[in-house]
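Residue numbering restarts at 1 for every chain, and letters A, B, ... go by the order of the sequence lines.
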Protein chains: 2
Amino acid sequence: MGTGKQQRRGDTRQRIQDVALELFAEQGYEKTSLREISEKLDVTKAALYYHFKTKEDILTSIFDDLTGPIDELIAWGHAQPQPVSLETKKDVLTRYSAILINAAPLFRFMQENQAAMRDLKSGASFKDRMLGLHEILKDPDAPMADQVRCFSALFTMHAGMFVLKDAEGDPKEKREAILEVAIDLVTRAHTGG
Amino acid sequence: MGTGKQQRRGDTRQRIQDVALELFAEQGYEKTSLREISEKLDVTKAALYYHFKTKEDILTSIFDDLTGPIDELIAWGHAQPQPVSLETKKDVLTRYSAILINAAPLFRFMQENQAAMRDLKSGASFKDRMLGLHEILKDPDAPMADQVRCFSALFTMHAGMFVLKDAEGDPKEKREAILEVAIDLVTRAHTGG
DNA sequence: GTCTATAATTTGATAGAC
DNA sequence: GTCTATCAAATTATAGAC
């Protein structure tokens with residue numbers, strides 16, 4: 001100890017995940033090489049292979065550690081009394097917003113690397129999660145426009161978190177505005193426009 | 001002539017663009033190799049280099065051929081009397097919808113390969129176009145939530161075109177529903193919520 | 001747990017014949 | 001305009017020493 005760069009022996013696996021996600025989100029999955037990750041960690045490529053079997057395994061492990069909260073949210077939503085009340089829908093959106101903020105780099109990565117993720121095992125499961133959330137929000141018999149509103153609410157939250165990072169203004173205020181718009185969309189879809 | 005696979009000499013450049021965009025959109029830019037493109041065209045990699053200087057040039061050329069209509073739309077919007085009327089905004093969205101449908105594979109590619117495009121020259125220029133459209137739609141003094149609505153309207157159109165391709169229902173009806181939601185968002189932002 | 005060394009493959013790109 | 005042949009570089013991944 002005392003050196004600027006602590007080795008923190010024992011949490012190497014975690015450090016690999018952190019650096020990998022940072023680079024994946026920044027430059028894309030394909031463009032990021034294991035050499036780059038290992039250099040940033042000051043270890044060799046071979047050391048990576050002690051902790052993970054393949055490059056894809058690194059990404060998969062990151063997913064597994066962070067998608068739990070979404071699954072819990074979906075399970076909670078589906079356990080609510082049917083038909084789902086507007087208050088429950090607002091709850092889902094609010095909780096989802098918190099999850100998004102908490103795992104922002106991962107969601108940024110997912111949003112910007114859909115093509116790379118398509119055949120990545122984790123890809124399909126994320127699509128399933130989106131559909132799971134949509135099922136809670138939408139009214140099965142509602143007109144098409146209202147189903148679009150529910151999709152739009154989810155997508156607005158995904159996109160807004162990162163599109164608005166360039167815009168001026170307080171981050172907290174921006175997040176609240178995004179959530180407000182999402183809730184408004186679902187509310188209009190709930191009452192039937 | 002008469003062979004199953006027409007050689008169509010003279011339009012090879014166009015065929016390269018078509019196949020490349022198809023593969024780029026399907027698997028991502030990085031994942032698609034020049035070998036793959038040339039094999040699908042039944043020519044050699046070297047032949048590709050006669051028509052395009054680099055891999056990136058293939059992509060850039062596709063953009064140049066298709067982004068013209070967006071630039072015209074932005075120019076038209078900015079040439080309208082200020083402040084921009086709601087009718088003009090609806091016009092912009094309707095025209096943008098038509099452009100999106102017309103160049104669907106390109107926009108699908110752009111949406112799903114943002115990370116790969118980030119340092120691709122064409123990337124920045126697309127972001128500028130998004131901001132250009134947003135500037136026409138948004139009211140500078142409107143509250144944050146209304147600015148989000150305008151972003152959401154654009155993003156809903158981008159995302160909806162492809163997210164809803166899995167959903168049941170008539171394609172035309174879906175497109176109209178998406179446009180309806182986008183117009184509704186901008187309308188609410190226009191009047192001030 | 002991390003290293004050195006290297007295998008095996010693929011990639012983008014070029015030179016030069018036809 | 002398309003080909004053969006080839007290049008240099010990078011990539012994922014493994015074997016085996018320490």
Side-chain angles (χ1 to χ4, degrees), chain A residues 1 3 5-24 26-62 113 115-123, chain B residues 1 3 5-24 26-63 109 113 115-123:
Chain A
M1 48 187 136
T3 65
K5 196 170 271 191
Q6 301 268 351
Q7 281 309 93
R8 288 177 297 176
R9 277 186 191 79
D11 62 348
T12 303
R13 188 189 151 91
Q14 179 69 48
R15 288 172 63 226
I16 293 171
Q17 291 175 320
D18 291 345
V19 167
L21 178 55
E22 184 187 328
L23 292 175
F24 288 163
E26 195 177 307
Q27 340 174 324
Y29 175 74
E30 318 274 357
K31 231 184 221 167
T32 303
S33 68
L34 298 180
R35 177 188 53 77
E36 210 171 353
I37 296 174
S38 61
E39 274 177 6
K40 193 153 187 172
L41 283 166
D42 268 317
V43 296
T44 61
K45 271 190 298 178
L48 265 49
Y49 278 96
Y50 173 81
H51 295 279
F52 299 96
K53 224 178 67 173
T54 66
K55 183 186 179 184
E56 189 175 337
D57 268 10
I58 300 179
L59 182 58
T60 303
S61 76
I62 297 172
N113 291 269
M117 286 188 55
R118 190 157 314 138
D119 45 4
L120 221 56
K121 295 180 215 144
S122 327
Chain B
M1 42 184 139
T3 66
K5 197 172 267 190
Q6 300 268 351
Q7 282 308 93
R8 290 178 296 179
R9 279 187 188 77
D11 62 348
T12 303
R13 187 189 154 92
Q14 178 69 46
R15 288 172 62 224
I16 292 172
Q17 290 175 320
D18 291 345
V19 167
L21 179 55
E22 184 187 327
L23 291 175
F24 288 164
E26 193 178 310
Q27 339 174 320
Y29 175 74
E30 318 273 357
K31 228 185 225 167
T32 303
S33 69
L34 297 180
R35 176 187 54 76
E36 210 171 352
I37 296 174
S38 61
E39 273 177 6
K40 194 154 186 170
L41 283 166
D42 268 317
V43 296
T44 61
K45 269 193 299 177
L48 264 51
Y49 278 96
Y50 172 81
H51 294 278
F52 299 96
K53 223 178 68 175
T54 67
K55 183 187 178 183
E56 189 174 338
D57 268 9
I58 300 179
L59 182 58
T60 304
S61 75
I62 298 172
F63 270 88
F109 168 79
N113 292 268
M117 285 189 56
R118 191 158 314 138
D119 45 5
L120 223 54
K121 293 180 215 146
S122 327

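Counting any heavy atom pair closer than 4.0 Å across all strands shown, B:T32 reaches sugar-phosphate atoms only and no base atom.
Within residues 48-58 of chain B, the residues that have a heavy atom under 4.0 Å from DNA chain C are, in order of number, B:Y49, B:T54, B:K55.
A cation-pi contact, defined as under 6.0 Å to the ring centre and within 45° of the axis, links B:K55 to B:Y29.
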Working for side-chain contact (heavy atoms from CB on, under 4.5 Å), residues B:F24 and B:I37: CA-CA 10 Å; B:F24 288 164; B:I37 296 174; 4.2 Å; yes
Evaluation steps, side-chain contact (heavy atoms from CB on, under 4.5 Å), between B:R15 and B:V19: CA-CA 6 Å; B:R15 288 172 62 224; B:V19 167; 5.5 Å; no
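For the OP1/OP2 pair of C:dT2 and a distance below 4.0 Å, the side-chain nitrogens and oxygens of A:T12 include at least one atom meeting the criterion. Here B:S33 does not reach the OP1 or OP2 of C:dT10: none of its side-chain N or O atoms lies under 4.0 Å away.
C:dG1 atom P lies 14 Å from atom CD of A:Q14, rounded to whole Å. One can place CD of B:E30 at 9 Å from P of C:dG12, the figure rounded to the nearest angstrom. Residue B:I37 contributes atom CD1, which lies 17 Å from atom P of C:dT10 at whole-angstrom precision. Atom P of nucleotide D:dT11 and atom OH of A:Y29 are separated by 13 Å, given to the nearest angstrom. Atoms CZ (B:R35) and P (D:dC3) sit 16 Å apart, rounded to a whole Å. Taking atom CD on A:Q27 and atom C1' on D:dT11, their separation rounds to 15 Å, with Å as the unit. Atom pair B:I16:CD1 and D:dG1:C1' shows a separation of 10 Å (rounding to whole Å applied). Taking atom NZ of A:K31 as the reference point, atom C1' of C:dT11 lies 15 Å away to the nearest angstrom.
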Dump every N/O contact between nucleotides 5-9 of chain D and the protein below 3.5 Å, one line per pair.
none

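When the side-chain hydrogen bond (donor to acceptor under 3.5 Å, both in side chains) test is applied to A:E26, no partner is found at least two apart in sequence or on another chain. For A:K53, the side-chain contact (heavy atoms from CB on, under 4.5 Å) criterion is met by A:D57, not counting sequence neighbours. Checked against salt bridge (Lys or Arg N to Asp or Glu O under 4.0 Å), B:R35 has the following partners two or more places apart in sequence or in another chain: B:E39. Considering only residues two or more places apart in sequence or on other chains, B:R118 meets the side-chain contact (heavy atoms from CB on, under 4.5 Å) condition with A:R108, A:E112, B:A115.
The side chain of B:T44 lies closest to D:dC3 when the candidates are C:dT11, D:dT11, D:dC3. The B:V43 side chain lies nearest to D:dC3 when the options are C:dC3, D:dA13, D:dC3.
Here the closest non-hydrogen pair linking B:K31 and A:A116 is NZ-O, 3.4 Å.
Using bins of under 30°, 30° to 60° and over 60° for the plane-to-plane angle, the ring pair B:F109/B:F63 lands in the perpendicular bin.
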